[in-house]
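Here's the structure we're looking at; comments come further down.
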Amino acid sequence: MIKRDDFVPDEDWERFRKISKNFPTPNIFVDLEKVRTSYAQLIKAFPYADVYYAVKANPGIPIIKLLDQLGSNFDIASRYELDKVLSLGISSDRISYGNTIKKAADIAYFYEKGVSLYATDSKEDLKNIAKNAPGAKIYVRVLIENSSTADWPLSRKFGCHPDMAYNLLVMAKEKGLIPYGISFHVGSQQRDIGQWNDAIAKTKYLFQSLEEEEDIKLEMINMGGGFPAHYIQPTNDLSEYASEITRYLEDDFEEIPRIILEPGRSLIGDSGILTSEIVLISRKNNTSLARWVYLDCGKFNGLIETLDESIKYPVVTDKDGGKDGEVILAGPTCDSADIMYEDSKYKLPIDLKSGDKTYWLSTGAYTSSYASVGFNGFPPIKTYYYDTKAIYDENNNLIKEI
Ligand SMILES: *Cc1c(COP(=O)(O)O)cnc(C)c1O
């Protein structure tokens, strides 16, 4: 059985239980103090890097405001995220347009708002940037193919072969843009630190050949995200990632260029706990051993990363510690895809009843922002954020002082 205190220490747990007690389920509570701690750990591990928080991981305003205070920059994927971040008074020179898939009109919108840093991985997009964001700084995303060791891979769809990255940076210069750097993303929840070694080696080759052959001196490496949150499958600590990655950089570069990191999951994941009530428990025949446990939260309402059982969240209950048995965990909607875990053989206490609660740990990232608007009428899961003084909603409205 999963041990809750391997993931959330007693003190934080007691606090969470007290704060979240009377709220209707399903809900997610995000501990802002934990985000603060993760940010401090990240800065300590990578003192030489500039952080661009990947807003998509959790776009709640309390998170953006906190990270703004702590000095983070922001990686933005759409004009809607841009509007949100700008509306909080964050200046456009702290924003990177990191999505390689964008409309020409949106590039123009970002440019008009003062954003000058753009990712690309294709000719068409680069042409659109040259036309709609003249003089912008360009970084090209290279394809990382071997990301089978990432639990949520971001391969294939994004990035281009290094040879094409080379051509795009040459073309950027010809079109009056600033060829600024290289980016990659080794896949989210990447458990193999060696993946950064390969990516950095590709980057080094591009830095060198562009300088030697084209007199283009790149200045920046954007190493994306990929750092882990704590789920069931163990990973190394962030400090381990940092010391290895720093060594790769030092081995490949005489002087380390400007380094950008775009963490999402590792910064926010561990700060959230999702509470979901058991709606019904059943068996499909009289002798089957596994129980179906249906919850009031599912794949369409915050738990989309259980797709293919990719991300295995630790799930705990108030009855943990006694006898347990195999369960299939499923959501409340009328879609048979709404099953979170069947092959993963989760075990929960045998005395669980309808009305009992399940707590899904490490659910701060990639949960609520993925929820459907109202499949079967179920409203999107609510997220609450708390610090030492109060609870806030996703728009930073005060819900309750504590
Ligand atoms: C999603 C995303 C990230 C964040 O990745 P994590 O693995 O959650 O840290 C960073 N950069 C880009 C471009 C992304 O799309």
Side-chain angles (χ1 to χ4, degrees), residues 1-10 12-31 230-233 269-270 272-364 367-368 371 375-376 378-379 381-384:
M1 196 181 285
I2 293 150
K3 278 164 58 203
R4 188 264 307 151
D5 57 0
D6 285 346
F7 297 90
V8 184
D10 289 345
D12 294 353
W13 181 252
E14 295 311 326
R15 211 160 151 259
F16 154 75
R17 290 305 305 278
K18 215 166 111 194
I19 286 168
S20 67
K21 202 166 160 199
N22 294 318
F23 285 77
T25 63
N27 61 55
I28 299 171
F29 274 76
V30 172
D31 182 349
H230 293 99
Y231 303 122
I232 288 183
Q233 268 199 304
D270 296 347
I273 300 175
L274 182 152
T275 303
S276 180
E277 188 180 301
I278 297 173
V279 178
L280 183 76
I281 300 176
S282 72
R283 292 178 201 269
K284 296 293 175 191
N285 70 56
N286 291 333
T287 53
S288 66
L289 295 172
R291 291 159 294 162
W292 282 75
V293 175
Y294 300 97
L295 305 177
D296 64 1
C297 182
K299 261 211 173 86
F300 302 107
N301 203 4
L303 295 172
I304 191 70
E305 286 199 327
T306 61
L307 211 68
D308 297 330
E309 312 196 15
S310 302
I311 297 291
K312 293 183 180 54
Y313 299 105
V315 180
V316 300
T317 76
D318 293 319
K319 291 176 172 169
D320 287 6
K323 199 164 177 322
D324 61 17
E326 192 181 320
V327 293
I328 296 158
L329 286 164
T333 67
C334 302
D335 187 318
S336 58
D338 193 7
I339 298 170
M340 284 78 83
Y341 301 121
E342 186 170 10
D343 299 333
S344 301
K345 312 282 182 218
Y346 273 58
K347 285 186 169 175
L348 289 179
I350 47 164
D351 54 351
L352 276 184
K353 301 260 181 309
S354 307
D356 286 347
K357 284 175 176 157
T358 60
Y359 305 98
W360 295 58
L361 312 181
S362 309
T363 43
T367 46
S368 50
F375 181 48
N376 270 166
F378 292 107
I381 190 166
K382 291 276 293 175
T383 306
Y384 300 95

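Keep in mind the model is a prediction, meaning the values are calculated, not measured.
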Has [X] got a side-chain atom pairing as donor or acceptor with [Y]'s backbone, closer than 3.5 angstrom?
X	Y	value
N285	S288	yes
D270	H230	yes
K382	I28	no
D12	P9	no
D335	A337	yes
T358	S276	yes

Is the shortest heavy-atom distance from the side chain of [X] to the side chain of [Y] under 4.5 Å?
X	Y	result
N27	T383	no
Y294	S354	no
P26	T275	no
K284	W292	yes
T25	K357	yes
L348	L329	yes
K299	L307	yes
L274	I381	yes

In this structure, which one of T306, T333, N301 forms a side chain to side chain donor-acceptor pair (under 3.5 Å) with D338?
->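 Per the side chain to side chain donor-acceptor pair (under 3.5 Å) rule, the option paired with D338 is T333, out of T306, T333, N301.
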
Close aromatic pair by centroid cut-off 6.0 Å: W360 and Y341 =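 When the ring centroids of W360 and Y341 are compared, they turn out to be within the sub-6.0 Å range.
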
Is the F300-F378 ring centre distance short of 6.0 angstrom?
->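 No, the ring centres sit 6.0 Å or more apart.
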
Nearest atoms (heavy-atom pairs only) where [X] meets [Y]:
X	Y	value
G302	A371	N-CB, 3.9 Å
M340	L295	CE-CD1, 4.0 Å
L289	R283	O-NH1, 2.8 Å

Taking atom [atom1] of [X] and atom [atom2] of [Y], what is their separation to the nearest 0.5 Å?
X	Y	atom1	atom2	answer
S20	F29	OG	CZ	5.5 Å
S368	I304	OG	CD1	13.0 Å
I19	E14	CD1	CD	11.5 Å
I328	R291	CD1	CZ	10.5 Å
T367	I311	OG1	CD1	11.5 Å

Could you check E326 against K345 for salt bridge (charged side-chain N to carboxylate O under 4.0 Å, His left out), going step by step and ending with a plain yes or no?
-> CA-CA 6 Å; E326 192 181 320; K345 312 282 182 218; 3.6 Å; yes

Check the pair D320 / K347 against salt bridge (charged side-chain N to carboxylate O under 4.0 Å, His left out), numbers first and verdict last.
-> CA-CA 10 Å; D320 287 6; K347 285 186 169 175; over 6 Å; no

Determine whether more than 12 heavy atoms belonging to other residues, nucleotides or ligands lie under 6.0 Å from atom NZ of K319.
->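 Enclosed.
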
Can D10 and R4 be counted as an ion pair, charged N to O under 4.0 angstrom?
->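 Salt bridge: yes.
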
So among Y231, Y346, Y359, which one has a ring-ring contact (aromatic ring centres under 6.0 Å, His included) with Y313?
-> Y231

Show your working on side chain to side chain donor-acceptor pair (under 3.5 Å) between S344 and E309 and close with a plain yes or no.
-> CA-CA 7 Å; S344 301; E309 312 196 15; 2.5 Å; yes

